[in-house]
Number of protein chains: 4
Amino acid sequence: MEEQKLPRREREKLAQRREMMAAALELFSERGFRNVSMQEIAEKSEFAIGTLYKFFRNKEDLYRALILEQSSRFHEAVTKAIEGPEEEIEKLRNFVKAKGEVFRANVAMIRLYFSETQGARVNVMAGFDSEVRERYRRFLRSFASVFESGMKRERFRRIADPYHLAVALESFTNAFLFLWLEEPERHPYPDDPDTILNILFKGLLLPIDTPEVQDETSGYRS
Amino acid sequence: MEEQKLPRREREKLAQRREMMAAALELFSERGFRNVSMQEIAEKSEFAIGTLYKFFRNKEDLYRALILEQSSRFHEAVTKAIEGPEEEIEKLRNFVKAKGEVFRANVAMIRLYFSETQGARVNVMAGFDSEVRERYRRFLRSFASVFESGMKRERFRRIADPYHLAVALESFTNAFLFLWLEEPERHPYPDDPDTILNILFKGLLLPIDTPEVQDETSGYRS
Amino acid sequence: MEEQKLPRREREKLAQRREMMAAALELFSERGFRNVSMQEIAEKSEFAIGTLYKFFRNKEDLYRALILEQSSRFHEAVTKAIEGPEEEIEKLRNFVKAKGEVFRANVAMIRLYFSETQGARVNVMAGFDSEVRERYRRFLRSFASVFESGMKRERFRRIADPYHLAVALESFTNAFLFLWLEEPERHPYPDDPDTILNILFKGLLLPIDTPEVQDETSGYRS
Amino acid sequence: MEEQKLPRREREKLAQRREMMAAALELFSERGFRNVSMQEIAEKSEFAIGTLYKFFRNKEDLYRALILEQSSRFHEAVTKAIEGPEEEIEKLRNFVKAKGEVFRANVAMIRLYFSETQGARVNVMAGFDSEVRERYRRFLRSFASVFESGMKRERFRRIADPYHLAVALESFTNAFLFLWLEEPERHPYPDDPDTILNILFKGLLLPIDTPEVQDETSGYRS
DNA sequence: CATGAATGAGTCTTCATTCAT
DNA sequence: GATGAATGAAGACTCATTCAT
């Protein structure tokens, strides 16, 4: 790709940087920013501490880079999922699938992601995280517009504020990812996105005088 | 003599302890366990460091006490909301309301709560947090049984695994709380629980050949 | 005794002081000056910390008082043993016996005593210990004069500097006390002082051409 | 020596370690374990505190290393003195000389040594000191066997239990070292070992009917 | 007058960061 | 350019001492 065109020196540098960040990702995601020492990152990545400091001005800078990179990867994937010419329903399915793929391929990322978007953003550092959060908010808005467009195109009922629906689907996929993270066997992230989406698609409430008409195949049987 | 003094002394002690924990709550919730020093907690609570250590064996102990207390308060409220003789729907409404009340009365608690139940629990301390998590899991199970009972009593459609529905509602409310936390003006936590519940109650998908029949009052208008 | 004549108030005070010092003696002798807290002394003696400070200006003062008292008790006993009209040999026997009695009656005192006269005088406090040491030196000199007088009266051979002999007997009894302290069963402090004194009384060296003539009863048989 | 062959880095490390331990020895021997701060050791040895901790895991570790090193040095010297093919008398002389040499070359060591073998071992740390003490006991036993062998070979009278004789000579030399430590001018550690040994060699008691026959040259004249 | 709660200086220890080699 | 030894600021925790009750 792009890297192939770079001089060898530069390519090596990038590879080193990647190794450092990989080590840092694993450690930070397991133990958090303050519970990991530069010493450990150096050892795990098999570089000298001084070399680490050649690539990152300080510990914070390394963390910042990590968060930005991981959050970019996530946003790239989910943004791609909801952009395109497909039907809105299909976009939601793509989103659920893509999010699952990204995170299952990168468990360490989940913790980091949640600790920065959902968790008590320990505010490790001021200001910078606003960048991540801003991007996150922008994504939510364009996610909301998927619902809005679905409503406009009379594909979706206007059951709630599209932004709220976006937030709902975001948070529900998160919840599934958490369940999976803690007990992968018992709570697998569903392969079929509709397992998640049916909570939005189908109404829970059973009108007293209305017989159940929707297909039962995806319904739940105790 | 001593008997006369003891109650007052005890009351004072409790008040002091509360002040310490209040200061700690605020600081920990803002910056996390490792980013707060005992020095700071002492200053904020206006006690000497030594006095802090009279009440809590060490920093961890203080944090532990804080988490346990806050999580107890939360569980008490939501457990009360879903227990009782009401209809299942009413219980869900109670839950949404109660959760909103608890958290709006105690903003700092939210961060702490999420950092321990949802956030990338950096595993500040081993073992103890399992207590909090275990209680959380138990709550989720009894929350799920509300959905299950609703299904058994033909009040709810079997649109999904009751546990998933419980997790869904849990995470929706969390998401709403986060929105409110970040931009209280723009995203107030809804007074009407149905604003949140409609995401579950009503189906999003509009069957192509089915006219929209459900009441429009709680529907969304752009 | 003297105390009976004091007003009740005064007698009580003395008794309290004694209790404090008894607790302190036990603790200090077991763990040393720095490893014992005033808190502990207060608890062990069942007084409030503040009360301790009514009797002793500070921790050092308490320690000082303890050392002075114990060392006085010791010096009284051994001084009495070597004063009087008896033969020099008898005085040495009295010394060995008296020292054994004092210490066996007061194990805690041994450690304190050694830590201040022999051990690495941790120099807990400057200056004051010179008082103890000075008294110790004075005792050694008067102990030496026992040997000197024995030589003058042709009871003792002039095998060494009397002061050295005094030091030798002092240190040898100490060594026996240490052995006893560590393994009371295996190394009892001898009841018969001659077990110790024979090392001074009898010559170790066997002149090649001289048959052993001295009485064998007190000699050693493997 | 061996060190010359080490890489420069290693040699420097050893030299640094030596300097740290030298500073620590001086301070610990003067004021004891608890009365010396790492800060002080750092200042005295002219290293930063952090550097100290690169060499020793913690304060206790530094102390432990110190004790072990010093006690090894001592035991090596005295063990060498009493091993070998010489006559028993000669071994005792060697012991007295060797002990004097070791300690006079290393004044600080004396205090440390006594505080760990004789002094009220405040039990600074548990377990490890047993190693030092055990070695000390072993030495005493092999020292005792010198006396025993002398008795078997009819060189020594059986005036006392060989173990007691060993303890006696140990404690005599200690006592002499203490005298020297406190007033080097007035109480030099004798160059002639017989000054000390005569206390064992010659009998103090003068049989009434026995003229003094042993050589007077080493006897004491006031 | 006794009490013991409150204080905060002082201690050990960690770890981000620098810089000589 | 890479290295990792050296640094020392900062943090958790203890405990002698004071003083309000």
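Just so you know, these numbers use all the heavy atoms, side chains as well, and skip hydrogens, waters and symmetry mates. Residue numbers start from 1 in every chain, and the chains themselves are labelled A, B, ... in the order their sequence lines are given, proteins ahead of strands.
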Among [options], find the nucleotide with the atom closest to the side chain of [X].
X: C/Ala48; options: E/dT3, E/dT17, F/dT17; answer: E/dT3
X: C/Met38; options: E/dT7, E/dT18, F/dT17; answer: F/dT17
X: C/Ile49; options: F/dA6, F/dT14, F/dT17; answer: F/dT17
X: D/Tyr53; options: F/dT3, E/dT13, F/dT17; answer: E/dT13
X: C/Ser37; options: E/dT13, F/dA16, E/dC15; answer: F/dA16

Heavy atoms only, 4.0 Å cut-off, all strands: where does B/Gln16 land among base, sugar-phosphate and nothing? sugar-phosphate

Looking across every strand, which nucleic acid part, if any, lies under 4.0 Å from D/Thr51 by heavy atom: base, sugar-phosphate, or nothing? base

On DNA chain E, compare the nucleotides closest to A/Arg57 and C/Lys54; which residue's is nearer the 5' end? C/Lys54

Where each residue is assigned the nucleotide of DNA chain E containing its nearest heavy atom, which of C/Arg34 and B/Leu52 is assigned the position nearer the 5′ end? B/Leu52

CD of C/Glu69: more than 12 outside heavy atoms within 6.0 angstrom? yes

Return yes when atom CD of D/Glu40 has more than 12 non-hydrogen atoms of other residues, nucleotides or ligands closer than 6.0 Å, and no otherwise. yes

Separation of atom [atom1] in [X] from atom [atom2] in [N], rounded to whole Å:
X: D/Tyr63; N: E/dC12; atom1: OH; atom2: P; answer: 14 Å
X: B/Glu46; N: E/dG8; atom1: CD; atom2: P; answer: 12 Å
X: A/Glu43; N: E/dC15; atom1: CD; atom2: P; answer: 12 Å
X: B/Arg17; N: E/dA5; atom1: CZ; atom2: P; answer: 15 Å
X: A/Ile41; N: E/dA16; atom1: CD1; atom2: C1'; answer: 11 Å
X: D/Glu12; N: F/dA6; atom1: CD; atom2: C1'; answer: 12 Å
X: A/Leu27; N: E/dA16; atom1: CG; atom2: P; answer: 12 Å
X: C/Met20; N: E/dT3; atom1: CE; atom2: C1'; answer: 12 Å

Looking only at non-hydrogen atoms, find the nearest pair between A/Asn58 and A/Tyr53 and report the distance. CA-CE2, 3.8 Å

Specify the residue among A/Gly50 and A/Lys13 whose closest nucleotide of DNA chain F lies further upstream toward the 5′ end. A/Lys13

If the cut-off is 4.0 Å, is A/Lys59 near the phosphate of E/dA16, judged by side-chain N/O to OP1 or OP2?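 Yes, within the criterion.
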
Can you tell me if C/Lys13 uses its side chain to pair, donor with acceptor, with the backbone of C/Phe55 under 3.5 Å? no

Could you tell me whether a side-chain N or O of D/Lys44 sits under 3.5 Å from a main-chain N or O of D/Gln39, the two making a donor and an acceptor?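 Answer holds: no.
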
For the pair B/Glu30 and B/Asn35, evaluate side chain to side chain donor-acceptor pair (under 3.5 Å) and give the outcome as yes or no after the intermediate values. CA-CA 9 Å; B/Glu30 271 165 13; B/Asn35 294 300; over 6 Å; no

Using Watson-Crick or G-U wobble geometry with both distances below 3.5 Å, tell me the partner of E/dC12, or none.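 Check on E/dC12: paired to F/dG11, both distances under 3.5 Å.
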
Let's test this: given Watson-Crick or G-U wobble pairing with both distances under 3.5 Å, identify the partner of E/dT21.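 Pairing partner, where one exists within any strand: F/dA2.
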
